[in-house]
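Take a look at the structure below.
Not measured: the values here are computed from a predicted model. Heads up: numbering here begins at 1 and tracks the sequence.
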Amino acid sequence: MAKLSVVVRNRKRKEMIEKYAERRKILKQKGDYEALDRLPRNASPVRYVNRCGLTGRSRGYIRRFGVCRIIFRDMASDGKIPGVKKTSW
């Protein structure tokens, strides 16, 4: 499990991205890069990292389900994800 501070930091980044999204869009259309530089760094969408919703793990993230591969496997094995089942051939 990731440190709580890392998870909270990432959550704050997401909120900041949503807050400044419209302003960034307008400044980019105008080509005013000096004003873009004055915005907070965490307002850039590039700085946001996809993380597991349950553990905060950043690696092995599955976008469609919003969890990491380990949690996905546990949930699929327990039948908690509809339409997903273990297969073998």
Side-chain angles (χ1 to χ4, degrees):
M1 178 148 182
K3 288 174 61 174
L4 184 61
S5 61
V6 174
V7 175
V8 171
R9 184 186 324 144
N10 203 43
R11 192 177 308 140
K12 285 173 72 175
R13 282 182 181 151
K14 187 165 189 156
E15 292 170 1
M16 193 170 285
I17 289 167
E18 292 169 357
K19 179 180 176 183
Y20 286 97
E22 191 63 34
R23 193 177 304 174
R24 286 181 58 83
K25 184 178 176 184
I26 292 169
L27 291 174
K28 275 192 163 188
Q29 286 175 349
K30 289 181 181 178
D32 188 2
Y33 296 107
E34 291 176 8
L36 264 175
D37 284 342
R38 287 192 293 268
L39 291 177
R41 286 186 178 194
N42 285 334
S44 174
V46 174
R47 292 175 68 96
Y48 179 74
V49 178
N50 288 327
R51 291 190 170 273
C52 176
L54 300 176
T55 62
R57 181 181 166 91
S58 62
R59 296 181 177 202
Y61 179 80
I62 302 172
R63 285 184 185 193
R64 184 171 179 182
F65 300 100
V67 293
C68 65
R69 61 183 174 80
I70 300 165
I71 299 299
F72 174 79
R73 185 167 185 234
D74 290 340
M75 291 175 72
S77 295
D78 295 339
K80 294 181 180 176
I81 302 176
V84 177
K85 64 181 179 178
K86 187 175 177 181
T87 62
S88 61
W89 59 90

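- Put simply, CD1 on Ile71 and CE on Met1 are 9.5 Å apart, with the number rounded to the nearest 0.5 Å.
- Through direct or indirect side-chain contacts shorter than 4.5 Å among Ile, Leu, Val, Met, Phe, Trp and Tyr, Leu4 is connected to Val8.
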For residues 45-59, tabulate all N or O donor-acceptor pairs below 3.5 Å that involve a side-chain atom, not counting sequence neighbours.
{"unit_1": "Arg47", "atom_1": "NE", "unit_2": "Asn42", "atom_2": "OD1", "d": "2.8"}
{"unit_1": "Arg47", "atom_1": "NH2", "unit_2": "Asn42", "atom_2": "OD1", "d": "3.3"}
{"unit_1": "Arg51", "atom_1": "NH1", "unit_2": "Gly56", "atom_2": "O", "d": "2.6"}
{"unit_1": "Thr55", "atom_1": "OG1", "unit_2": "Arg57", "atom_2": "N", "d": "3.3"}
{"unit_1": "Arg57", "atom_1": "NE", "unit_2": "Arg59", "atom_2": "O", "d": "3.0"}

Identify every side-chain donor-acceptor pair in residues 60-68 under 3.5 Å, counting partners at least two apart or on other chains, and give the distances.
none

Identify all side-chain donor-acceptor contacts of residues 14-30 below 3.5 Å with residues at least two apart in sequence or on another chain.
none

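- Cluster partners of Val6: none. The rule joins Ile, Leu, Val, Met, Phe, Trp and Tyr whenever side-chain heavy atoms lie under 4.5 Å apart, and it links nothing here.
- Qualifying side-chain contact (heavy atoms from CB on, under 4.5 Å) partners for Arg38, counting only residues two or more places apart in sequence or in other chains: Glu34, Ala35.
- Within the 4.5 Å cutoff, the side chain of Arg11 has heavy atoms near those of the Val7 side chain.
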